[in-house]
J.: 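The structure's right below; bear with me while I get my questions together.
In the text below, chain A, chain B and the rest are named by the order of the sequence lines, each starting its count at 1.
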Number of protein chains: 2
Amino acid sequence: MTLKRATWQKTAVKEQLDLFGGFVSAQELHQKILATGKKLGLTTVYRALTELVLGGEADALNAEDGETKYRNCTPKHHHHLICRKCGNTREFELPDFEVETERIARSHGFKDVSHSIELFGICSKCGVAG
Amino acid sequence: MTLKRATWQKTAVKEQLDLFGGFVSAQELHQKILATGKKLGLTTVYRALTELVLGGEADALNAEDGETKYRNCTPKHHHHLICRKCGNTREFELPDFEVETERIARSHGFKDVSHSIELFGICSKCGVAG
DNA sequence: GTCATTGCAAACGCTTTGCATCTGT
DNA sequence: ACAGATGCAAAGCGTTTGCAATGAC
């Protein structure tokens with residue numbers, strides 16, 4: 001039996017993820033924790049994040065740059081609009097679509113559905129220059 | 001100036017991508033081409049795919065397993081419903097949503113928008129067993 | 001004949017794993 | 001004290017790059 005133990009490292013990871021709010025890569029999170037003066041291994045951050053995702057306390061998303069980004073699970077499900085040039089992200093909600101995806105999945109006999117919706121574009125700042 | 005040259009390798013990659021229809025990883029595509037008797041390097045497949053994406057002839061998507069999947073750019077934009085257990089995929093369309101995403105992006109000052117929508121769930125076959 | 005393209009192997013970056021040590025319970 | 005957790009270093013995996021040979025133009 002794999003019984004979980006509370007450690008300050010795991011607490012630090014969850015705390016920083018919470019504090020950050022948006023999507024962060026494991027490595028960025030690691031840097032942020034180190035910056036607070038706490039010293040812990042990158043491996044531990046990965047393990048803590050995996051644990052959080054499995055426990056439903058965090059979401060994972062595969063970004064375009066190949067990194068896996070994590071975020072604290074928020075009660076209100078929202079999506080991201082990401083600038084291809086500067087990487088700046090904005091959040092938006094899709095109340096109707098949440099229902100729609102459920103319907104589509106059901107009609108195909110799928111259940112226990114989750115969805116990943118990301119919009120990529122050029123933001124107003126980068127659009128002027130490029 | 002980087003002027004493009006036509007090679008049978010690039011043709012083979014585009015041809016197989018076309019023929020496949022859905023999302024394929026570079027490695028899968030490489031295997032498929034080898035299976036047709038043509039011999040070419042994996043590197044070449046990656047380079048050909050990158051070229052196709054830049055040229056707007058193919059789309060790229062970062063899958064959950066960390067691989068980058070490519071597909072031929074189809075006039076009719078559709079999305080995927082993927083089974084978490086068996087990996088089986090089904091396609092669906094979201095005519096309304098195509099417009100909706102455009103609207104959302106615009107309202108945030110974004111332009112030149114593309115979107116990635118993937119639904120993950122448990123299909124009927126796997127749902128019975130598991 | 002030139003110069004982009006190919007293809008192998010080595011390099012890369014992110015993530016995972018092996019294993020000895022440490023620590024929460 | 002025991003079993004899970006940590007952290008370093010090394011392995012793993014998909015992808016990219018360096019460079020000599022090749023082939024399209």
Side-chain angles (χ1 to χ4, degrees), chain A residues 1-17 20 23-55 57-71 82 87 116 118, chain B residues 1-17 20 23-55 57-71 82 87 116 118:
Chain A
M1 193 57 52
T2 307
L3 171 64
K4 306 254 176 262
R5 277 177 195 173
T7 59
W8 65 264
Q9 286 97 329
K10 288 182 192 171
T11 309
V13 170
K14 177 146 185 60
E15 189 178 297
Q16 276 298 311
L17 189 64
F20 188 82
F23 278 99
V24 227
S25 71
Q27 320 225 7
E28 285 171 319
L29 209 55
H30 181 220
Q31 292 305 323
K32 283 184 191 302
I33 296 169
L34 290 183
T36 68
K38 300 186 182 78
K39 211 171 116 38
L40 82 175
L42 176 57
T43 310
T44 305
V45 175
Y46 276 110
R47 285 196 272 231
L49 285 171
T50 303
E51 210 172 274
L52 287 171
V53 170
L54 289 177
E57 296 188 70
D59 279 343
L61 148 75
N62 296 99
E64 283 198 323
D65 62 3
E67 282 186 325
T68 303
K69 310 274 190 170
Y70 300 86
R71 76 158 172 210
I82 305 157
S116 154
E118 309 299 322
Chain B
M1 191 56 54
T2 308
L3 170 65
K4 304 251 177 270
R5 277 176 195 176
T7 59
W8 65 263
Q9 286 96 333
K10 286 182 194 172
T11 310
V13 169
K14 176 144 184 59
E15 189 178 295
Q16 276 297 312
L17 190 63
F20 189 82
F23 278 99
V24 226
S25 70
Q27 320 226 9
E28 284 171 319
L29 208 56
H30 182 220
Q31 292 306 322
K32 283 185 190 302
I33 296 169
L34 291 184
T36 69
K38 302 187 181 80
K39 211 171 113 41
L40 82 174
L42 176 58
T43 310
T44 305
V45 176
Y46 275 110
R47 285 196 272 231
L49 285 171
T50 303
E51 210 173 273
L52 287 172
V53 170
L54 289 177
E57 296 188 70
D59 280 343
L61 147 74
N62 297 98
E64 283 198 324
D65 61 3
E67 282 185 326
T68 303
K69 311 272 190 170
Y70 300 86
R71 77 159 170 206
I82 304 157
S116 155
E118 310 299 324

J.: Can you tell me the distance, in whole Å, between the CZ atom of B:F23 and the P atom of D:dG14?
T.: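 In whole Å, D:dG14 P lies 19 Å from B:F23 CZ.
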J.: Figure out the CD/C1' separation between B:E28 and D:dT15, and round it to whole Å.
T.: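 Going from B:E28 (CD) to D:dT15 (C1'), I get 15 Å.
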J.: Any salt bridge (charged side-chain N to carboxylate O under 4.0 Å, His left out) involving residues 33-42 of chain B? Give me the pairs, sequence neighbours left out, ordered by first then second residue.
T.: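 Matches after skipping sequence neighbours: none remain.
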J.: Checking B:T68 now: which residues fulfil side chain to side chain contact (heavy atoms under 4.5 Å, CB included) with it, not counting sequence neighbours?
T.: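 Scan of B:T68 (side chain to side chain contact (heavy atoms under 4.5 Å, CB included), adjacent residues dropped) gives B:A60, B:N62, B:Y70.
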J.: Whole angstroms only, please: what is the NZ-P distance between A:K38 and D:dT6?
T.: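 The distance from NZ of A:K38 to P of D:dT6 comes to 14 Å, rounded to the nearest Å.
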J.: Do nucleotides 12-22 of chain C as a string where each nucleotide becomes B, S or -: B if the base has a protein heavy atom under 4.0 Å, S if just the sugar-phosphate does, - if no protein is that close.
T.: --SBBBB----
J.: Residues two or more places apart in sequence or in another chain: which of them pass side-chain hydrogen bond (donor to acceptor under 3.5 Å, both in side chains) with A:E57?
T.: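 Not a single residue meets the side-chain hydrogen bond (donor to acceptor under 3.5 Å, both in side chains) criterion with A:E57.
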J.: Keeping the roles fixed (side chain from A:H30, backbone from A:L40), state whether a donor-acceptor pair exists under 3.5 Å.
T.: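 At least one qualifying donor-acceptor pair exists.
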J.: For B:E15, check salt bridge (charged side-chain N to carboxylate O under 4.0 Å, His left out) against everything at least two apart and list the hits.
T.: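 B:E15 satisfies salt bridge (charged side-chain N to carboxylate O under 4.0 Å, His left out) with no residue once adjacent residues are dropped.
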J.: Would you check if the side chain of A:E28 reaches a backbone N or O of A:S25 as a donor-acceptor pair within less than 3.5 Å?
T.: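 Yes; judged by distance alone, with no hydrogens or angles, the pair exists.
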J.: What do the steps show when you test A:K4 against A:E51 for side chain to side chain contact (heavy atoms under 4.5 Å, CB included), and what is the final call?
T.: CA-CA 10 Å; A:K4 306 254 176 262; A:E51 210 172 274; 3.5 Å; yes
J.: With sequence neighbours excluded, what pairs up with B:K32 under the salt bridge (charged side-chain N to carboxylate O under 4.0 Å, His left out) test?
T.: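 So B:K32 forms no salt bridge (charged side-chain N to carboxylate O under 4.0 Å, His left out) with any residue.
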J.: Rounded off to whole Å, could you give me the CZ-to-C1' distance for the B:R5 and D:dG23 pair?
T.: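 Taking CZ of B:R5 and C1' of D:dG23, I get 8 Å after rounding.
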J.: Mind listing the residues from residues 6-16 of chain B sitting with a heavy atom below 4.0 Å of DNA chain C? Number order is fine.
T.: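 Heavy-atom contacts with DNA chain C come from B:T7, B:Q9, B:K10.
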J.: Verify the contact: side-chain N or O of A:T44 to OP1 or OP2 of D:dG7, cut-off strictly under 4.0 Å; return yes or no.
T.: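 So the side chain of A:T44 is within the cut-off, an N or O lying under 4.0 Å from OP1 or OP2 of D:dG7.
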J.: Please state how far atom CG in B:L49 lies from atom C1' in D:dT16, giving the value in whole angstrom units.
T.: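 Nearest whole value for this atom pair: 14 Å.
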J.: Measure from CD1 on A:I33 to C1' on D:dG7 and round the result to the nearest Å.
T.: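 Those two atoms, CD1 and C1', are 14 Å apart.
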J.: By side-chain hydrogen bond (donor to acceptor under 3.5 Å, both in side chains), which residues pair with B:T7, not counting sequence neighbours?
T.: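 If we apply the side-chain hydrogen bond (donor to acceptor under 3.5 Å, both in side chains) test to B:T7, skipping adjacent residues, there are no hits.
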J.: Once ring pair (Phe, Tyr, Trp, His ring centres under 6.0 Å) is applied, do any residues pair with A:Y46, and if so which ones, sequence neighbours excluded?
T.: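 Once residues adjacent in sequence are excluded, A:Y46 has no partner under the ring pair (Phe, Tyr, Trp, His ring centres under 6.0 Å) criterion.
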J.: Using the C1' atoms of five pairs at each end, what's the angle between the two axes of the helix from C:dG1-D:dC25 to C:dT25-D:dA1, to 10 degrees?
T.: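 Here the local axes at opposite ends form an angle of 30°.
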J.: Locate the shortest heavy-atom distance separating B:L42 from B:A26; write the atom from each residue and the value.
T.: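 Between these two residues, the closest heavy atoms are CD1-O, 4.2 Å.
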J.: How long is the line joining NZ of A:K39 and C1' of D:dG7, in whole Å?
T.: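 Value for this atom pair: 9 Å.
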J.: What is the distance from CG of A:N62 to C1' of D:dT15, rounded to the nearest Å?
T.: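 One finds 15 Å between C1' of D:dT15 and CG of A:N62, rounded.
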